A.B. asks: 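Before anything else, here's the structure in question.
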Amino acid sequence: MSTRILVADDSSTVRRLVAARLIADGHEVIEARDGEEALELALTERPSLVVLDKVMPKLDGFEVVRRLRENETTRDLPIVMLTERGSEEDVLGGLDLGVDEYMPKSFSPRELSARVARTLSRTSGSP
Amino acid sequence: MTDPLAAAVICFASAVGLLVVFIVAVRLRARRRRRREQALRQLYEEAVARFLVLEGEEPLRAPSEHGGAGVFRSVVHDALLELAGRERDRLIQALEQAGTVGADIADLASRVRSTRRRAADALAVYPSELAREALLRCLDDEDIQTRLACARALAGLRAPELVEPVLAVAEASVDQSPGGVAEVLLTLARFEPSALAERLGESGSPALRRLLASVIGELRLAEGSGVLREVLASDDEELVARAARGLGQIGDAHDAPRLLALLEDRLRSPFVRAAAARSLGLIGDPSAIRALEWALREEDWWLAVRAARALAELGELGREALERAKLSEHAWVRSHVAAVLA
Amino acid sequence: MDVFVVFVFAYFLVFTVVHAVLLLLAAIEINRYSGRLIGSSLRRTVRSPLAPPISVVVPAYNEAVGIVDSIRALLALEYPTFEIVVVNDGSTDDTAAKVIESFSLHQAPRPTPPFLPYRPVRSVWVPRDRLNLLLVDKENGGKADALNAGISFASYPLVCVIDADSVLEQDALAKTVVPFLDDPVATVASGGIVRVANGCRIDRGRVLEARLPRSGLAMFQVVEYLRSFFSARAGWSAVNGLLIVSGAFGLFRKDAVIAAGGYRTDIVGEDIELIVRLHRYMRDRGRPCRVVYVPDPVCWTEGPETLHALRLQRRRWHRGGLETLLLHWRMLGNPRYRVVGMLSLPALLLFEALGPLVELVGYCVAIASRLTGTIDTRFFLLFFAVALLFGLFLTVGAIALEDASFGRHPGWDDLGRILLFAVLESLGYRQLVHLWRLEGVWQLIRKGEWGAMERKGFSRSEAALQSGVGLR
């Protein structure tokens with residue numbers, strides 16, 4: 001079963017890396033360049049999971065998560081957030097908001113792939 | 001009187017005209033360049049991503065397009081900043097084979113300062129043994145940013161014999177650019193933590209020693225706790241404060257007695273003693289409780305606050321001490337205690 | 001008559017030369033900044049365990065509408081360790097209640113830190129979880145008073161002072177902390193580029209799209225900000241003669257501000273006065289003092305949209321500058337205060353304080369002379385042409401610098417609009433602002449308090465002043 005994943009990051013390099021990895025895993029990938037676009041695409045394209053950077057122009061990662069959780073259709077959408085390594089506040093702030101999994105940068109694409117798979121399997125069972 | 005005025009008018013008018021022409025020209029050129037780079041960038045990002053993900057299938061080739069070298073370098077630079085682990089090592093290897101590293105090594109010898117600087121910064125992002133000789137030579141560069149970038153790159157090579165030259169550059173540059181030296185030390189600390197501890201034990205530039213103490217403390221390098229303890233005897237209050245703080249971060253109970261002595265030493269400045277109080281709380285040694293009770297009653301705000309918070313972290317006995325302090329006749333003591341017990 | 005005309009002419013010549021030099025210095029400074037490979041070094045700063053923690057102080061008076069969104073945006077700042085200290089300055093609306101409810105704060109008994117004087121604190125609110133937020137609810141005392149309270153309650157060695165309605169870029173802290181890393185001993189304050197938010201698409205406290213404002217008044221302000229940030233401030237910062245760190249965003253060393261006595265609450269120009277006083281305090285004690293401007297956008301702020309509001313603002317700004325000059329007149333021409341005393345303050349006096357007067361009187365005299373026939377039409381027209389062009393030259397220079405370095409207005413129509421308003425500015429707007437500034441002078445004279453302002457000096461404990469930005 002191919003799942004659609006939304007990748008949101010302002011760095012095109014990161015988007016390419018993550019997208020290539022996820023496509024190789026068999027997923028379909030759509031990309032967003034900033035927080036506003038991420039929110040739009042999450043609502044219109046109905047992805048099964050979102051990989052989101054914390055720092056983005058327009059709307060930052062936390063705000064996107066907050067709005068996704070406020071919205072009926074995306075309330076349970078699994079979210080994996082990319083944060084700076086060593087920033088405790090980032091992790092705690094994100095988990096409070098409802099981020100399912102976080103991935104500190106610098107990251108290994110294979111590890112990200114594993115976390116995405118884990119999050120998908122964990123949340124696919126829930127109603 | 002009109003002639004100078006007329007001259008002024010002509011002068012200003014032409015200056016304004018020239019500036020507008022300049023703006024337009026710069027824009028046009030930037031626009032063209034941006035468009036070209038966009039296209040190339042997409043190409044290279046795709047290539048790098050494919051190389052990393054489809055392991056071993058496609059080798060990474062250096063760009064042959066005109067003007068592509070700069071964009072390619074920027075793409076791999078960004079990629080390496082984000083990556084960790086095996087993919088990162090593979091990419092670095094591929095760059096060595098593709099000649100990108102070689103190009104940066106060549107750039108280190110450029111006469112243009114910004115080129116050298118950029119090359120050194122790039123080599124700091126992808127440390128490669130191939131660059132060792134060139135980097136060592138560049139440690140004498142006239143530009144401090146380049147020197148520090150080279151030091152960072154060498155520190156990333158994880159070679160014990162490179163520690164000496166790197167620390168030498170650090171010492172020489174610390175007064176001019178403490179921020180840059182801090183980054184060098186942080187890189188070095190990841191691979192050669194004991195070298196930092198050793199250097200701190202020697203006398204030398206006070207600014208460098210303070211940075212060393214901070215790095216050892218904030219990174220919680222256990223190898224450094226011995227030397228941090230020794231440093232507590234120094235006259236440099238700033239250095240002692242950082243060392244005291246660092247010992248708390250490391251959290252070794254053996255350091256408690258020295259910190260206690262520091263806390264009780266009323267000749268030391270309050271911020272030093274406050275750091276000691278904080279660290280005693282982090283370490284969690286109950287023998288500090290009496291001294292902390294006294295510190296709580298001192299007039300220095302931060303010392304009292306730290307002492308109160310430390311007592312709160314020392315379990316039952318600490319709480320009892322705080323309860324006793326609640327009965328103090330001094331209002332500020334009572335309020336500090338109330339804040340902590342809430 | 002000839003003498004007067006020569007004087008005016010000479011004045012504008014000196015004015016233009018000085019500001020052209022500043023523009024040149026600004027260009028060099030901005031070039032140097034861009035050459036520092038900002039991207040990767042910002043990354044390193046953000047990931048560095050040695051980045052000094054920062055307390056962001058937000059003074060709030062009747063900000064119930066936007067305060068929660070502002071705080072949320074601040075909590076998303078990209079920086080390793082920071083806290084937000086919100087000071088409710090006795091608001092009459094439900095600012096405090098909104099904050100308490102949205103972030104689930106509960107009241108905590110907190111002792112009142114005695115570092116600076118401020119109006120009494122009613123209560124202090126902290127979060128239940130590990131959120132880095134603190135609310136100080138106090139009696140009304142004005143912005144300076146609220147800042148003094150916030151600074152006193154701040155836990156970290158650096159304090160970032162902002163307006164409640166400032167919209168910060170996510171990397172604002174990382175960018176403006178760099179001067180403190182470069183030179184922790186001498187640097188006491190830093191600031192960045194503030195841009196005009198009018199016309200931008202803003203949603204719940206975040207700028208979604210940067211656009212030029214529709215209204216002419218706001219466009220004039222855009223032009224002014226461009227000129228100020230891209231020539232004046234960068235230029236002065238290059239020679240360490242910077243007098244102003246914007247009230248909308250400034251980063252300060254807490255111990256230096258406390259040692260110097262905090263913000264004065266009895267004047268209107270508290271932001272510029274603090275910077276000048278910091279220079280004075282440090283130099284009086286033989287210590288270095290560096291106020292740095294980071295030529296990078298960090299913050300958005302709303303400019304007044306009505307003539308009335310703008311007039312009040314400009315009167316206030318001008319009064320603030322004059323008050324500072326009066327309070328610290330001893331620094332003028334005094335070599336002990338280096339560039340600030342020898343160049344910046346005299347320039348403030350000569351150009352900012354006297355400028356409006358000279359220019360407006362010049363116009364009046366020129367018109368009168370034309371009407372009485374003392375001068376001929378050609379001279380008259382040339383005179384006004386020079387008046388128009390010298391301002392235009394400096395403005396277009398700043399625009400060119402912004403375009404070459406950041407290019408935040410890429411559209412050709414945007415460029416056209418900016419240039420159009422740059423021209424229009426000299427055709428009435430600038431003169432109007434000068435008039436308002438003179439009104440500010442008149443207000444100051446009428447109040448007559450300027451004699452009484454220099455009552456108390458400052459004698460603070462030196463133990464508070466540490467040797468640099470440590471990790472306290």
Side-chain angles (χ1 to χ4, degrees), chain A residues 8-15 17 32-43 50 52-71 74 79 81-99 102-108, chain C residues 39-40 42-51 53-56 68-84 102-104 127-133 155-156 167-175 197 200-211 297 300 408:
Chain A
D9 195 312
D10 54 336
S11 158
S12 54
T13 313
V14 170
R15 284 202 309 272
L17 286 174
R33 278 166 309 187
D34 56 63
E36 200 185 7
E37 200 177 343
L39 200 56
E40 250 175 65
L41 289 175
L43 293 170
V50 179
L52 194 60
D53 189 15
K54 188 209 165 199
V55 181
M56 282 187 296
K58 303 204 180 179
L59 294 176
D60 59 87
F62 281 173
E63 186 61 18
V64 173
V65 173
R66 186 174 294 119
R67 296 198 194 187
L68 287 175
R69 293 295 179 239
E70 280 172 4
N71 190 305
T74 50
I79 298 178
M81 182 174 272
L82 303 172
T83 64
E84 284 297 340
R85 184 176 293 277
S87 186
E88 264 190 7
E89 273 79 25
D90 274 359
V91 173
L92 293 171
L95 287 176
D96 276 353
L97 282 174
V99 171
Y102 75 96
M103 183 84 227
K105 298 204 268 195
S106 323
F107 66 96
S108 149
Chain C
S40 61
L42 273 185
R43 283 291 215 341
R44 288 198 299 272
T45 305
V46 166
R47 295 176 185 185
S48 169
L50 294 188
I54 297 178
S55 296
V56 181
V68 174
D69 286 330
S70 295
I71 296 175
R72 288 219 173 104
L74 290 173
L75 286 169
L77 284 173
E78 185 70 355
Y79 197 74
T81 311
F82 67 98
E83 66 170 358
I84 316 237
S102 305
F103 297 99
S104 307
R128 290 176 203 286
D129 50 26
R130 289 185 55 173
L131 199 59
N132 45 338
L133 177 64
S155 331
Y156 295 140
V167 177
L168 267 56
E169 305 264 327
Q170 266 195 301
D171 51 9
L173 293 179
K175 283 176 183 164
C200 291
R201 193 158 54 92
I202 299 186
D203 180 26
R204 274 161 61 166
R206 285 161 178 86
V207 172
L208 292 184
E209 195 184 331
R211 285 198 301 240
W300 296 90
R408 293 295 176 106

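As a basis for the values below, the full set of heavy atoms in this structure was taken, side chains included, without hydrogen atoms, waters or symmetry mates. None of the values given here were measured: they were computed from a predicted structure. Each chain gets a letter, A, B and so on, in the order its sequence line appears, and its residues count up from 1.
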A.B. asks: Okay, side chain of A:K54, backbone of C:L77: is any donor-acceptor separation there less than 3.5 Å?
C.D. replies: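 Present.
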A.B. asks: Starting at CZ of C:R47, measure out to NZ of A:K105 and round the result to the nearest 0.5 Å.
C.D. replies: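 C:R47 CZ to A:K105 NZ: 7.0 Å, rounded to 0.5 Å.
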A.B. asks: Counting distance only, does the side-chain N/O of C:Q170 pair as donor-acceptor with the main-chain N or O of A:D60 below 3.5 Å?
C.D. replies: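 No; judged by distance alone, with no hydrogens or angles, the pair does not exist.
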A.B. asks: Are there over 12 heavy-atom neighbours, none belonging to C:R211, within less than 6.0 Å of that residue's CZ?
C.D. replies: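 More than 12 heavy atoms, drawn from other residues, nucleotides or ligands, come within 6.0 Å of this atom.
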A.B. asks: Top residue by heavy-atom pair count (under 4.5 Å) with chain A, among C:E169, C:R201, C:R43, C:E209?
C.D. replies: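 Maximum pair count with chain A is reached by C:R201.
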A.B. asks: So A:V55 and C:D171, do their side chains get closer than 4.5 Å, heavy atoms only?
C.D. replies: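 No - every pair of side-chain heavy atoms lies 4.5 Å or more apart.
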A.B. asks: Are A:E63 and C:R204 within salt-bridge range, i.e. N to O under 4.0 Å?
C.D. replies: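 Salt bridge present between A:E63 and C:R204.
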A.B. asks: State the CG-CD distance between C:L208 and A:E36, to the nearest 0.5 angstrom.
C.D. replies: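 The CG atom of C:L208 sits 4.5 Å away from the CD atom of A:E36.
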A.B. asks: Measure C:D203 against the heavy atoms of chain A and call it side chain, backbone, both or neither at under 4.5 Å.
C.D. replies: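 For C:D203, the contact with chain A is made by backbone and side chain together.
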